[in-house]
Chemist: 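Below are the structure tokens for one structure; questions will follow.
In each ligand, atom 1 is the first atom listed, and ligand 1 is the first ligand listed.
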Amino acid sequence: MNSSLLSLTNVTKRFASHQAVDGVSLEVVAGDALVILGPSGCGKTTLLRLIAGLEIPDSGEIWFAGAQAAGAGRSMMPAHERGIGFVFQDLALWPHLTVQRNLNFVLESVKMPRADRAARALEALKLVRIEQLSSRYPHQLSGGEQQRVALARALVGQPRVLLLDEPFSSLDPELRDALRGELARLQRTLHVTTIYVTHDQGDAAILADRVIEMRAGRIVAVNDTKRKEQGA
Ligand SMILES: Nc1ncnc2c1ncn2[C@@H]1O[C@H](COP(=O)(O)OP(=O)(O)OP(=O)(O)O)[C@@H](O)[C@H]1O
Ligand SMILES: [Mg+2]
């Protein structure tokens with residue numbers, strides 16, 4: 001046990017004969033902004049899914065704020081109790097629900113009283129500047145708008161940790177820059193702990209206090225960035 005918000009010790013995960021995550025240890029304190037860089041297939045998504053409780057480690061331990069969430073072959077804390085907001089690589093918006101109801105679904109799952117849900121959803125939509133789109137369905141939104149909905153949905157439950165899996169990779173460079181800038185602004189105003197997965201070195205300079213490089217399931221380098229040194 002220690003003062004970390006999130007702690008991983010020697011976490012491994014194998015799929016058939018493939019070692020997707022291979023002995024990862026990581027300490028994350030509240031307010032940290034981590035960027036995980038690494039080539040396709042190195043285990044980035046699997047690592048996020050382990051943290052979120054969507055996969056169970058084969059060995060190692062995962063702790064949240066002093067409580068064990070997972071150990072070898074078992075989960076002690078279900079996904080919905082971990083306080084995670086997740087922006088998935090493919091967004092995974094619920095297609096049959098409007099924007100408002102995509103957010104409400106999360107608020108129900110965190111047991112927010114019904115009377116407070118609309119205000120909280122509106123607040124999250126305002127954060128990402130799409131409050132006017134709340135009654136649209138995902139297919140009625142542009143790619144960039146869908147990314148914002150995914151971000152709002154991840155933030156609406158006021159997560160302890162925000163996990164973002166290449167959230168802006170499918171966007172054109174201009175929109176990508178704009179959304180990346182907005183995420184940096186949200187990090188500063190909400191002080192939300194973030195772990196952001198990307199292939200793109202450029203993301204790290206803007207979004208990271210610490211850059212973690214992964215190769216073949218392992219962390220091979222950890223670098224503090226200028227951003228932190230400058231207190232930005
Ligand atoms: N459910 C699964 N069943 C079998 N193999 C899997 C499964 N999930 C991931 N893998 C394998 O584990 C490895 C790591 O996958 P992962 O999705 O974590 O990579 P990634 O770093 O996120 O890659 P990308 O940058 O392409 O998204 C890959 O070789 C992948 O094929
Ligand atoms: Mg991935």
Chemist: Is it true that some N/O/S atom of Thr45, main chain or side chain, lies under 2.8 Å from the Mg ion (ligand 2)?
Modeler: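 True for Thr45.
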Chemist: Considering only the protein, which heavy-atom contact is closest to atom 29 (O) of ligand 1, and what is its distance?
Modeler: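 Closest protein heavy atom to atom 29 (O) of ligand 1: His18 NE2, 3.2 Å.
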Chemist: Numbering the atoms of ligand 1 from 1, which are under 4.0 Å from a heavy atom of Gly43?
Modeler: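 Answer for ligand 1: 14 (C), 18 (O), 19 (O), 20 (P), 21 (O).
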Chemist: Group every Ile, Leu, Val, Met, Phe, Trp and Tyr by side-chain heavy-atom contacts under 4.5 Å, then state whether Ile51 and Phe15 land in the same group.
Modeler: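 Different hydrophobic clusters.
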Chemist: If we ignore angles and hydrogens, is there a donor and acceptor under 3.5 Å between the side chains of Ser59 and Thr12?
Modeler: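 There is such a pair between these side chains.
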Chemist: Kindly check if the number of other-residue, nucleotide or ligand heavy atoms within 6.0 Å of CD (Gln132) is above 12?
Modeler: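 Correct, the count exceeds 12.
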Chemist: Side chain, backbone, both or neither: which applies to His199 and ligand 1 if a contact is any heavy-atom pair less than 4.0 Å apart?
Modeler: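 The answer is the side chain.
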Chemist: Sort out for me which residue in Gln68, Glu55, Glu81, Arg82 forms a side-chain hydrogen bond (donor to acceptor under 3.5 Å, both in side chains) with Ser75.
Modeler: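 Per the side-chain hydrogen bond (donor to acceptor under 3.5 Å, both in side chains) rule, the option paired with Ser75 is Arg82, out of Gln68, Glu55, Glu81, Arg82.
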Chemist: Can you confirm whether more than 12 heavy atoms, excluding those of Arg14, are under 6.0 Å from its CZ atom?
Modeler: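 Check passes, neighbour count above 12.
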Chemist: Please state which protein non-hydrogen atom is closest to atom 17 (O) of ligand 1 and give its distance, to 0.1 Å?
Modeler: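 Ranked first by proximity to atom 17 (O) of ligand 1 is Thr45 CB, 3.6 Å.
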Chemist: Is Ile56 reachable from Leu50 through a run of hydrophobic residues whose side-chain heavy atoms are each under 4.5 Å from the next?
Modeler: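 In one cluster: no.
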Chemist: Look at Gln89 and state whether any of its N, O or S atoms is less than 2.8 Å from the Mg ion (ligand 2).
Modeler: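 Of the N, O and S atoms in Gln89, at least one lies under 2.8 Å from the Mg ion (ligand 2), which means yes.
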Chemist: Can you find a protein heavy atom closer to atom 31 (O) of ligand 1 than 4.0 Å?
Modeler: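 Given the 4.0 Å limit, the answer for atom 31 (O) of ligand 1 is no, no protein heavy atom qualifies.
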Chemist: Atom 25 (O) of ligand 1: which protein heavy atom is closest, and how many Å away?
Modeler: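 Here the closest protein heavy atom is Lys44 NZ, 2.7 Å.
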Chemist: Give me the nearest non-hydrogen protein atom to atom 26 (O) of ligand 1 as residue plus atom name, then the distance to 0.1 Å.
Modeler: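 Answer for atom 26 (O) of ligand 1: Ser40 OG, 2.5 Å.
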Chemist: I'd like to check atom 13 (C) of ligand 1 in this structure: does the protein have a heavy atom lying under 4.0 Å from it?
Modeler: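 So atom 13 (C) of ligand 1 has protein heavy-atom neighbours under 4.0 Å.
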Chemist: Indicate whether the side chain of Gln187 and that of Thr194 have a donor and an acceptor atom separated by less than 3.5 Å.
Modeler: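 Note: Gln187 and Thr194 side chains meet the donor-acceptor criterion.
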Chemist: What protein heavy atom is closest to atom 6 (C) of ligand 1, reported as residue, atom name and distance in Å?
Modeler: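 Checked against all protein heavy atoms, atom 6 (C) of ligand 1 sits closest to Phe15 CD1, 3.2 Å.
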Chemist: Does one side chain, of Thr198 or Glu166, offer a donor that lies under 3.5 Å from an acceptor on the other?
Modeler: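 On atom types as modelled, these side chains do not qualify, holding no pair under 3.5 Å.
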Chemist: Could you find the nearest protein heavy atom to atom 15 (O) of ligand 1 and give me its residue, atom name and distance?
Modeler: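 Among all protein heavy atoms, the one nearest atom 15 (O) of ligand 1 is Thr46 OG1, 3.7 Å.
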Chemist: Are Leu34 and Leu26 close enough, and set up right, to give a side chain to side chain contact (heavy atoms under 4.5 Å, CB included), and what steps lead you there?
Modeler: CA-CA 11 Å; Leu34 265 56; Leu26 191 61; 4.1 Å; yes
Chemist: Looking only at protein heavy atoms, identify the closest one to atom 27 (O) of ligand 1 and say how far it is in Å.
Modeler: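 Of the protein heavy atoms, Gln89 NE2, 2.8 Å lies nearest.
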Chemist: Which option wins on minimum heavy-atom distance to atom 28 (C) of ligand 1: Ala216, Ala20, Cys42, Gly41?
Modeler: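 Of the listed residues, Gly41 has the closest heavy atom.
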Chemist: Can a side-chain donor-acceptor contact be found between Asp165 and Thr45 if the only test is distance below 3.5 angstrom?
Modeler: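 Side chains of Thr45 and Asp165: pair found under 3.5 Å.
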Chemist: Within less than 4.0 angstrom of ligand 1, does Glu166 place any heavy atom?
Modeler: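 Glu166 counts as a contact of ligand 1 under the 4.0 Å cut-off.
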